[in-house]
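This structure is a prediction, so every number in the text was calculated from the model and none was measured. Lettering of chains follows the sequences in order, A, B, ..., and the numbering in each one begins at 1.
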2 protein chains.
Amino acid sequence: MDDDVVRSARLRPGRNRPGAGDDLADLGPCESAVPMPVEVPEATVSRLPQYLRALSALAEAGLRTVSSEALAEAAGVGSAKLRKDLSYLGSYGTRGVGYEVGELHQHIADRLGLTSSWRVVIVGIGNLGHALAGYGGFASRGFSVVGLFDVDPTVVGEVVSGLRVRPLDDLEATVREGGATIAVLTVPAGVAQGVCDRLVAAGVTSVLNFAPTVIRVPDHVDVRKVDLASELQILAFHAQRKAHVRVGEVV
Amino acid sequence: MDDDVVRSARLRPGRNRPGAGDDLADLGPCESAVPMPVEVPEATVSRLPQYLRALSALAEAGLRTVSSEALAEAAGVGSAKLRKDLSYLGSYGTRGVGYEVGELHQHIADRLGLTSSWRVVIVGIGNLGHALAGYGGFASRGFSVVGLFDVDPTVVGEVVSGLRVRPLDDLEATVREGGATIAVLTVPAGVAQGVCDRLVAAGVTSVLNFAPTVIRVPDHVDVRKVDLASELQILAFHAQRKAHVRVGEVV
DNA sequence: AAGCGTTTGTGAAGGCACGCACAAAGTCGT
DNA sequence: ACGACTTTGTGCGTGCCTTCACAAACGCTT
Ligand SMILES: NC(=O)c1ccc[n+]([C@@H]2O[C@H](COP(=O)([O-])OP(=O)(O)OC[C@H]3O[C@@H](n4cnc5c(N)ncnc54)[C@H](O)[C@@H]3O)[C@@H](O)[C@H]2O)c1
Ligand SMILES: NC(=O)c1ccc[n+]([C@@H]2O[C@H](COP(=O)([O-])OP(=O)(O)OC[C@H]3O[C@@H](n4cnc5c(N)ncnc54)[C@H](O)[C@@H]3O)[C@@H](O)[C@H]2O)c1
């Protein structure tokens, strides 16, 4: 479902159900003595952040345990889906009781890779870049903005929420000196591909793209796209359908 | 795929090939005498905006016709998927040639409901609201921002790209006097549900929510959510997986 | 210790979407 | 006018995701 956003897909080859195809004479179903490798479906991954947020809210409300029913309600999904999602992470619930809020939060955060703070650079400090740079919701969720970049001389040098906007040429050094880095692209559509190429060349392997263009990257790079105009158009589609139904054009 | 975001589904008939199999001896399982209703799958709907954008780019490049292969390339999808998607809208291609750019663009725009300009109000003119209000990409795609609202007295009265920010109390009047309206929610998470309730009460049936909260709405209202922190977390998940593989923890 | 109510974890079934592969349909060249 | 070539539209198989339904597991009460 979700789609074509992430490029490198396949998790590890490991089948979920080991007992499937290879039936040579290996007596037991499989001899995996240890933790039983299970890949997490992409659809599940896309929901984990929501569970995490719901758990944070519940923890703040003082709850120590939640049932799958209550957590699902808070996250806006069905309880069965929630349980199956969590089952891919392991069994952290207690039957008859539910899940311990703090513990489950920790496990999901671990699985998402939020143990250490990820480095984020924002490229293109225009309208949108300014808003994102000043957003507190990133730091509070395990991301720290370590660089703001732009080509416009009138923007470079400006200080946005404690960070000085730097020229695009400092980009490579910043990406290389730090470890893994996530790049947020808020440049005009026309230059998005070029800037992205440069990011990738510098070693970036995760890109969040706000420019309304398809950008092409090597297989080992993940790109997710946020397209506000598309979202509005999808809403318009459904709104139109509702309008037609009301008029009686269709059942 | 996409998910639980949009509430209502089912589409309208829009038959492709009228000469199909309607035999009036409707003794069969269903008696649909006429056009044979075909719904557009939600996954397809979510891709239509991208096709539309690709077509705009191709038109601007001066092309009059495109093959499914070329259009798919421009839109970043597979050609088979593209053809199947377009087939839900009807048969607008010419075998051996491809699709006429302008005509196909028009058909998709029609189907998305972009014939007339949709009214959009933005509620919460903070960091993000300012950026969205000043964004030209909406007007150019069939949406016109007709209202900016906030509660903060220091923000109300400010003029953002030609529109004066108005107090929240003017909201009902604006929504009611105009026709169907799409609301963009860029208020703090804590008040999102309350503001949304007010929007729905005023008659809004389409909401694009940027606040990191699950908001509950009646069945007839569509909500789509844009969650930047979640996008980053999903990228982090894949980045972590890649890192582990590189270290050799997993095959 | 045993029973009872609650809740998890998961097998199984159904639905949806994707991609392949090809016949139908049209164009272009001769 | 006809054949060769190109490209659409779609039937079909496959795999993923969702949903249902329930046995196993656990706490609590007696
Ligand atoms: N503003 C919005 O609400 C909004 C909404 C949806 C999508 N977008 C998209 O986000 C992107 C940015 O939007 P915006 O409104 O901030 O535009 P903007 O013009 O205000 O900002 C773009 C910034 O990128 C910088 N830039 C240009 N070329 C660059 C380069 N090669 N390298 C680095 N920086 C460069 C510019 O100097 C400018 O500061 C656009 O692609 C836009 O379509 C914006
Ligand atoms: N800024 C970002 O980059 C960013 C990124 C992701 C998500 N978000 C989310 O978007 C929302 C807005 O973010 P922001 O950075 O613009 O915050 P902000 O605080 O700058 O803006 C919020 C605005 O909403 C107004 N407001 C508060 N209560 C209101 C009410 N009841 N009715 C109408 N207006 C009201 C405030 O006066 C303020 O102007 C938040 O929920 C935030 O979590 C923002």
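Proximity of B:Lys84 to B:Lys81: side-chain heavy atoms (C-beta onward) are nowhere separated by under 4.5 Å. Between B:Val184 and A:Leu228 there is no side-chain heavy-atom pair separated by less than 4.5 Å. You'll find the side chain of B:Phe237 stays beyond 4.5 Å of the side chain of A:Leu114, heavy atoms only.
Side-chain atoms of B:Pro41 lie closest to C:dA17 of the nucleotides C:dT7, C:dC18, C:dA17. You'll find that the side chain of B:Arg47 is closest to C:dC18, out of C:dC18, C:dT10, D:dG27. In this structure, of C:dC20, C:dT7, C:dA17, it is C:dA17 that holds the atom nearest to the side chain of B:Glu42.
In this structure, B:Arg83 atom CZ and C:dA21 atom P are separated by 13 Å, rounded to whole Å. Following rounding to the nearest Å, B:Leu71 (CG) and D:dG9 (P) show an atom-to-atom distance of 12 Å. Straight-line distance from the CG atom of B:Leu104 to the P atom of D:dT7: 16 Å, rounded to whole Å. One atom, NZ of B:Lys84, and another, P of C:dC16, lie 14 Å apart when rounded to the nearest Å. Atoms OH (A:Tyr88) and P (C:dG11) sit 10 Å apart, rounded to a whole Å. Taking atom CD of residue B:Glu73 and atom P of nucleotide D:dT7, one finds them 15 Å apart after rounding to whole Å. The CG atom of A:Leu82 sits 10 Å away from the P atom of C:dG9 (whole-angstrom rounding). Atom NZ in A:Lys81 sits about 16 Å away from atom P in C:dG15, given to the nearest Å.
Between A:Ser68 and C:dT7 there is no side-chain N or O to OP1 or OP2 distance below 4.0 Å. Taking 4.0 angstrom as the limit, A:Tyr99 places none of its side-chain polar atoms (N or O) nearer than this to OP1 or OP2 of D:dC26.
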Salt bridge (Lys or Arg N to Asp or Glu O under 4.0 Å) assessment of B:Arg216 paired with A:Glu73: CA-CA 10 Å; B:Arg216 228 160 292 276; A:Glu73 166 76 12; 3.7 Å; yes

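Side-chain polar atoms of B:Ser56 and B:Arg141 form no donor-acceptor pair below 3.5 angstrom.
If you find the closest nucleotide of DNA chain D to A:Thr94 and to B:Tyr92, the one lying nearer the 5' end belongs to B:Tyr92.
In this structure, B:Gly78 reaches neither bases nor backbone, as no heavy-atom distance under 4.0 Å exists between it and the strands shown.
No donor-acceptor contact under 3.5 Å links the side chain of A:Arg95 to the base of C:dT7.
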